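Contents: one structure, followed by commentary.
Nothing here was measured: the structure is a model prediction, and the numbers come from that model. Below, read A as the first sequence line, B as the second, and so on, with proteins coming before strands; counting in each chain starts at 1.
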Number of protein chains: 2
Amino acid sequence: MAKQNKDVTRRNSKGQTLETFLKSYDPDRYPKPSVTTDIVVFTIQNKEVGNRRMRNQKELQVLLVKRRDHPYIGQWALPGGFLEMNEGLLESAKRELQEETNVQDVYLEQLYTFGEALDRDPRMRVISVAYMALIGKGKQRIVASDDAEDAKWFSIKRKENWRRLDETSDRFEVQRLEKSTTYELISDDGEMIAFELLKKIERRGATQEKEITSLSEEGLAFDHHEILDYALERIASKAEYTPIVFNLMPERFTLSDLQQVYEVILNQPLYAANFRRKIAHMVEETGSYEENTQRRPARYYKYKFNWNSWE
Amino acid sequence: MAKQNKDVTRRNSKGQTLETFLKSYDPDRYPKPSVTTDIVVFTIQNKEVGNRRMRNQKELQVLLVKRRDHPYIGQWALPGGFLEMNEGLLESAKRELQEETNVQDVYLEQLYTFGEALDRDPRMRVISVAYMALIGKGKQRIVASDDAEDAKWFSIKRKENWRRLDETSDRFEVQRLEKSTTYELISDDGEMIAFELLKKIERRGATQEKEITSLSEEGLAFDHHEILDYALERIASKAEYTPIVFNLMPERFTLSDLQQVYEVILNQPLYAANFRRKIAHMVEETGSYEENTQRRPARYYKYKFNWNSWE
DNA sequence: AGAATAGTGTCTGTTAGACAGTATCGC
DNA sequence: GCGATACTGTCTAACAGACACTATTCT
């Protein structure tokens, strides 16, 4: 598909045509950074609740992998790995997911490319292209393999804390915000990873600059806490104007289920009546109902395609 | 800032500590792709209109650079170049912009990373991290240098054409859209670059896939037409919910000026009354008025910081 | 009847869109 | 007064937020 300069006879300042230029070009003249893809895989977990009469709770989970080798040996990290020369970026993300965790056929979206700090990886300079994946739980069986000693789902609990450093005032041109987020990642079998992120946002005129630091020594390998945080922001904002959330849902679901999922993603409670009105155009009744509940059974819905859902 | 595994004595399967592991690690064991940053620089041009009584027209312009060497020698491309080992990604974008075009101190934002096609660059495998820059025209003097034979502003004219391949229907799970966009880039001195992009959007359930192809042999170097198109989408969508547009404005401006800028970015006309209400909270009167107009002079406004503009 | 959730109705205030109408300058 | 743009008022329909209320199941 590569479009070439039609004028193949044109010569450069050294008198070379394209062909002779390419033959003499040394692709390794300059040192290169390594490129990796890292994937933030989210799913929804249904947490049983003691009282059988009450509805199950939902939790947002992220898939982590325990590192088998240095650096950060034994620590939890996002699945991912080095880009190979014969694959596209997206393809690489898919492959890494498959190799390390056995996850396949999922919604996958490029997030952001991380490569500011020169020492993100102690081995060498690394640029990471981050992806986000969404899957319905139970659809896939997670299997740790390859560089991963283990692979597990961790439930995400987070609390945000805003602080305004400059009070609003027409006199100041620069305004600062600080947001600290405490994270607790807890696996199904009780292992916990806790850390705290500090986000400094500085607004000068119409420009905004962010700086993220980790306040904890513990936590995820590399700067993966930052990537996770970015992914959480992205899914929350996309949930508001696209049907992206349905990638986390099973075929059939109740509106209460769906609402709970929106609530864990947006990290805030919603009014049922308003929620139902808002998503009405994206769902469709199936005709069937919940069974064996010890309260009024809810209707099952399914996703309904709609041109207006996307923009 | 690199956070290390605290347990420096821990050994991997080969019995190595972190220190001995790093010493024996060969960063060049695997071949690496090259990494570049490419920058889409936008500005607004005030186009004089014959009739002195009428208001000037605005045009959205992009900064292009004429390639001095193979590949795509003599063709127009986005400014950009290879990432160096001692600089962050953002830093690299800034440096390339400075070196090739003399542009400095601008709003800069990471867009997306392009690296699907293996032959994007005929020399070797290249991953491009694309940035978008916004500057007010006249603030900077453009100077071509380095790998660039020339550097010029091109006004962007585009026409979009939507086509729905499947009519809406509850029976189909897959829905397809095609959008073809014809571009005409015209420099201040009359040079024109024309091309047409075809975007195929396929929606399956809650998933959307895009595929972009160029319908023209001519056009920009590499896949830079695709990057430009992406940048235009981004600035339009961000214009709707952030004050990003003010990065293109001079210190003082009239609301008609501002409206025209929004119109070229959104590529559609706006109602003045509605527009004024919408942006009212982001601007502030300066007290001064236009002078020497041959019609009613407009008030000058300036950007006003507001916490609510950003989210 | 009571516990628990499913699901609906409605009031209020805000906003988007469309358009008509008034204001003000230079000539 | 005319040409041209600056700026304002207002109607309507849609929507977001908050909350009260009804419905249905099992025990």
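- Here the range on DNA chain C touched by chain B, meaning any atom under 4.0 Å from one of its heavy atoms, is C/dA16 to C/dC27.
- Partners of B/E196 by salt bridge (Lys or Arg N to Asp or Glu O under 4.0 Å), not counting sequence neighbours: none found.
- In this structure, the side-chain contact (heavy atoms from CB on, under 4.5 Å) partners of A/E263, at least two apart in sequence or on a different chain, are A/Q259, A/Q260, A/P269, A/L270.
- For the side-chain contact (heavy atoms from CB on, under 4.5 Å) test, residues two or more places apart in sequence or in another chain that qualify with B/E160 are B/W162, B/K179, B/T181.
- The main-chain N or O of B/L255 is never found under 3.5 Å from a side-chain atom of B/R276 such that the two would form a donor-acceptor pair.
- Tested against B/F42 for a side chain to side chain contact (heavy atoms under 4.5 Å, CB included), the candidates B/I156, B/I135, B/L63 yield a single pass: B/I156.
- In this structure B/D189 satisfies the side-chain contact (heavy atoms from CB on, under 4.5 Å) test together with B/K152, B/S187, B/E191, sequence neighbours excluded.
- For B/K210, the side chain to side chain donor-acceptor pair (under 3.5 Å) partners are B/E233, not counting sequence neighbours.
- Take A/K302 and apply the salt bridge (Lys or Arg N to Asp or Glu O under 4.0 Å) test, not counting sequence neighbours, and it matches no residue.
- The ring pair (Phe, Tyr, Trp, His ring centres under 6.0 Å) contacts involving residues 264-289 of chain A comprise A/Y262-A/F275, where partners must be two or more places apart or lie in separate chains.
- If you find the closest nucleotide of DNA chain C to A/M54 and to A/R277, the one lying nearer the 5' end belongs to A/M54.
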* Apply side chain to side chain donor-acceptor pair (under 3.5 Å) to the pair B/S256 and B/T254, showing each step before the final yes or no. => CA-CA 5 Å; B/S256 301; B/T254 70; 4.6 Å; no
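- Looking at residues 288-299 of chain A, you'll see A/T293, A/Q294, A/R295, A/R296, A/P297 sit with a heavy atom under 4.0 Å from some atom of DNA chain D.
- Residues from residues 267-274 of chain B lying near DNA chain D, meaning a heavy-atom separation below 4.0 Å, are B/A273 in numerical order.
- When the salt bridge (Lys or Arg N to Asp or Glu O under 4.0 Å) test is applied to A/K200, no partner is found at least two apart in sequence or on another chain.
- Running 5' to 3' along DNA chain D, contacts with non-hydrogen atoms of chain A at under 4.0 Å begin and end at D/dA16 to D/dT27.
- With A/R55 as the fixed residue, the side-chain hydrogen bond (donor to acceptor under 3.5 Å, both in side chains) test singles out one of A/T293, A/N46, A/D257: A/D257.
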